[in-house]
Student: 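Here it is: the structure, laid out below.
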Amino acid sequence: MKRHLLEAADLDRADATLVLDTAAQIDQALAGREVKKLPTLRGRTVVNLFYEDSTRTRISFELAAKRLSADVINFSAKGSSVSKGESLKDTALTLEAMGSDAIVVRHSASGAPHRLAHWVRGSVVNAGDGTHEHPTQALLDAYTIRQRLGRLEGVRVAIVGDVLHSRVARSNVGLLHTLGAEVTVVAPPTLLPVGVGSWPVEVSYDLDAVLPKADVVMMLRVQAERMNASFFPSAREYSRRYGLDADRMAVLGDEAIVMHPGPMNRGMEIAAEVADSVRSTIVEQVGNGVSVRMAVLYLLLGGAPS
Amino acid sequence: MTTYLIKGARPLGGDAADILVKDGRIASIGDSLTVPSAEMVDAAGLIALPGLVDLHTHLREPGREDAETVETGSRAAALGGFTAVHAMANTDPVADTAGVVEQVWRLGEQAGLVDVVPVGAVTVGLKGERLAELGAMADSAARVRVFSDDGHCVADPALMRRALEYVKAFDGVVAQHAEEPRLTVGAQMHEGDRSARLGLTGWPAAAEEAIIARDVLLAGHVGARLHVCHVSTAGSVELLRWAKSRGVQVTAEVTPHHLLLTDACAEGYDPVFKVNPPLRTDEDVAALRAGLADGTIDAVATDHAPHAVEDKESEWAQARPGMLGLEQALSVVVETMVETGLLDWPGVADRMSVRPAAIGRLSGHGRPIAPGEPANLLLLDPSSRAVVDPAALASRSRNSPYAGRELPGRVVATFLRGVPTVLDGKAVR
Amino acid sequence: MASSSQPARNPAPKTADPSGGILLTAADVARVVDRMAHQLIERAASIDPRSATGGLSDLVLVGIPTRGAPLARRLAARIEAFSGTPVDVGTADITLYRDDLRLRGVRALEPTLLPDAGIDGRLVVLVDDVLFSGRSVRAALDALRDLGRPRSVQLAVLVDRGHRELPIRADFVGKNVPTSRSQQVKVRLAEIDGVDEVLVTEGAPGVREPREEEAR
């Protein structure tokens with residue numbers, strides 16, 4: 001494992017599998033236990049440095065670190081009046097001087113975790129940077145797929161929605177490809193990046209053509225403000241062409257699952273009856289997030305400092 | 001005034017000769033000149049070129065003297081072999097009045113290291129809404145001939161047409177920062193494979209090309225001169241080639257960094273590589289070099305853009321665009337154009353001195369190396385190679401994209417009207 | 001053994017006698033495991049003499065991965081063969097409980113699997129291949145504390161090689177082997193290594209003092 005987890009490309013197939021296997025072992029070791037706490041990272045300090053609100057991701061990392069007995073400091077930098085550029089470096093150096101061993105960072109600017117990793121000696125975990133990546137989300141998604149379907153090799157995954165602005169999509173494309181899955185991104189052309197042709201994926205504009213062949217349908221959140229920027233004409237048209245409703249769900253194969261990184265826009269990209277169906281892994285994904293993040297923190301911090 | 005005898009230099013890379021510099025001019029050129037009263041400059045093996053002229057420099061004064069001043073920027077220019085630089089108008093206050101351009105011009109005179117030629121803003125406050133007092137700037141002591149809203153595009157086509165027409169009255173030229181603003185909202189880097197992966201908002205080549213296409217048509221229509229700043233794409237080179245073939249009075253510049261670097265530099269998100277227009281692809285770099293070689297692109301201009309540390313040591317999106325260029329411009333041209341065989345030494349003199357001086361209507365620069373001409377000269381050691389150390393630069397800022405890179409060519413001496421501003425590779429003051 | 005434990009006085013090349021390092025052969029291992037199984041049956045019976053199963057229904061053998069796990073399964077199989085009573089077996093990976101994580105590279109985890117009946121109120125016997133510093137056992141005790149509340153915990157090891165760093169002793173020992181710190185004791189089991197044997201080898205010259213994991 002590299003010292004930092006900044007993007008899916010930091011994990012080769014062996015490392016990615018190690019993370020998933022470790023998460024599974026942790027899950028198993030903690031299953032049914034009253035004391036869901038391990039002493040592994042006692043005396044280590046993990047800082048959650050969040051420049052963007054994301055309660056669910058922060059709580060997931062916080063729980064993961066605490067279950068490994070690390071000390072956790074939550075540092076919400078949002079709304080800080082300090083000039084953003086200077087504050088990121090100064091904040092990083094301050095946190096390091098206070099003895100942080102790992103910084104979990106969420107930032108609205110793509111690449112902010114890379115800069116942070118450049119300035120600190122401890123590990124940096126990217127908890128979502130701008131429209132770049134969110135690697136632990138991809139890991140928990142891969143973990144969930146493997147748990148449900150028993151494998152990742154050859155699994156056909158459709159990633160549907162605002163791929164252009166989605167860090168979840170970027171991380172999933174990279175990681176799932178590394179793990180041998182076959183990924184198709186499905187979106188209106190306006191919501192695909194111009195360079196998507198260089199990605200290791202199939203590209204489709206037609207959700208109905210893709211669904212019957214998909215083992216996994218991963219729906220992405222579509223933000224309403226995209227509509228105002230003419231990425232698509234209306235929420236209704238988007239939903240009609242790219243939303244997953246009960247009719248579309250009916251054409252899926254028997255074992256196929258439906259995923260969503262949350263938070264969902266029910267009625268927009270996903271219908272309520274789909275989100276609440278047995279195919280939906282949305283609740284499992286949340287629980288798996290803690291296990292996968294424990295695995296990441298253990299693998300980054302559990303060994304000798306490199 | 002000291003008389004200098006430059007011994008054994010090779011004018012424009014030709015045969016070695018001695019050059020006698022006296023009273024600000026080249027007094028004579030010949031073999032084995034001996035002038036006992038003259039100070040000798042040993043120039044064996046050095047190339048003599050006319051002093052370089054930069055059409056595009058940000059000196060930051062007034063307003064951001066923490067990043068650069070007219071004096072520090074002048075020193076950096078002299079060390080780079082320049083004898084004249086055009087100081088861009090996006091200062092604070094904006095150089096959109098005779099008062100501000102005269103202030104910059106006087107600061108340049110006081111520094112005395114290069115001729116600082118102010119560029120006037122096209123529109124008031126660079127806002128793109130109404131014309132600044134272009135005539136007043138032209139008539140001022142600064143004698144402004146180049147007008148630019150650089151940093152911003154004159155996006156309104158009607159306003160651009162009027163500007164092109166209006167400056168004909170005093171033989172001015174509008175230097176356009178070609179960037180369709182609606183296509184570059186939030187743009188961070190070249191739009192392509194890398195921006196898709198890095199999650200940085202793309203700056204499409206079409207945003208530059210659309211404006212160039214529009215403006216060459218306008219310039220042709222009204223019979224005005226147009227200059228295109230920092231051309232960065234292969235498509236732009238094609239458009240310029242087409243326009244020139246149609247007789248449009250268009251000139252264009254390319255920066256050293258666009259001749260050398262690509263969007264691969266954005267990997268790692270170090271904002272020292274963030275620049276506007278952005279670094280492009282290998283294909284664009286090849287087209288720019290070819291365009292400069294065949295004269296489609298007239299000039300190399302640095303777009304020297306000093307930034308304080310806090311404006312660059314940050315997240316990519318928060319960082320300000322721009323990079324240093326004055327001190328390494330000639331070295332980059334040697335590496336990308338001379339050592340590749342695309343340009344010979346007369347070609348370098350043409351693209352870095354003769355043509356930019358002509359575009360800026362600077363009569364005393366870009367002249368031949370011949371008796372009677374103003375002694376604006378530089379001496380270059382083409383065999384020297386050195387690793388760029390930002391801490392050793394004369395600029396007040398450190399945002400050099402060439403840090404740690406080995407580049408060829410060292411400016412040994414620069415003369416401004418017969419007075420050395422650089423000797424032995426060091427600024428005289 | 002005495003001479004091989006003092007390499008400085010032994011000028012012979014270490015590869016001169018490849019069989020010299022074998023401490024237990026496959027037959028020895030089988031015999032030792034059988035003896036330990038008998039001892040465990042006796043111990044279980046002595047704790048609860050009135051039990052219909054001779055106390056064996058309260059017994060849980062918990063192997064410490066890697067090689068403690070198959071060893072625990074073998075002991076259980078032998079106990080069942082001798083007594084006719086099946087015995088619960090589990091494994092407890094102790095990696096996440098180690099106090100020396102910072103001293104080594106990160107390690108992959110192994111399964112932690114406990115019998116459905118759990119360990120509360122039962123006699124837990126931890127099973128490991130080699131007892132060295134005692135740190136693995138300490139970590140295992142910490143893990144057990146989080147997994148439940150046994151009535152008592154005992155320790156069975158195939159080889160006790162000495163050099164304890166903690167006040168820990170084994171209740172069942174297959175073979176006591178006096179070693180020098182620089183030596184390595186390698187237990188190889190058919191389930192993992194394809195062969196049953198226990199070897200003593202010299203540490204490479206200049207190598208830092210071997211840690212327990214490396215000795216296993």
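Convention: sequence-line order gives letters A, B, ...; per-chain numbering from 1.
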Student: Walk me through whether A/L38 and C/Y97 qualify under side chain to side chain contact (heavy atoms under 4.5 Å, CB included).
Tutor: CA-CA 7 Å; A/L38 297 159; C/Y97 289 86; 3.2 Å; yes

Student: Would you call A/R33 and C/D146 a salt bridge, taking side-chain N to carboxylate O under 4.0 Å as the test?
Tutor: yes

Student: With a 3.5 Å distance limit and no angle check, can you tell me whether A/Y298 reaches the backbone of C/V106 through a side-chain donor-acceptor pair?
Tutor: no

Student: Select, from C/P111, C/A139, C/G148, C/A108, the one with the greatest count of heavy-atom pairs under 4.5 Å involving chain A.
Tutor: C/P111

Student: State the CG-CZ distance between C/L96 and A/R67, to the nearest 0.5 angstrom.
Tutor: 13.5 Å

Student: With A/Q28 as reference, evaluate C/L113, C/L114, C/L109 under the side chain to side chain contact (heavy atoms under 4.5 Å, CB included) test and give the passing residue.
Tutor: C/L113

Student: Among A/Q25, A/M1, A/R42, who wins on heavy-atom pairs under 4.5 Å with chain C?
Tutor: A/Q25

Student: Go through the atoms of A/K36 and report whether side chain, backbone, both or neither lie under 4.5 Å from a heavy atom of chain C.
Tutor: neither

Student: Tell me, for A/L299 versus chain C, whether the close heavy atoms (under 4.5 Å) come from the side chain, the backbone, both or neither.
Tutor: both

Student: Please say whether more than 12 non-hydrogen atoms of neighbouring residues, nucleotides or ligands are located less than 6.0 Å from CD in A/E255.
Tutor: no

Student: Atom NE2 of residue position A/H118 - does it have more than 12 heavy atoms of other residues, nucleotides or ligands inside 6.0 Å?
Tutor: no

Student: Assess whether atom CZ of A/R13 is packed by more than 12 heavy atoms of other residues, nucleotides or ligands within 6.0 Å.
Tutor: yes

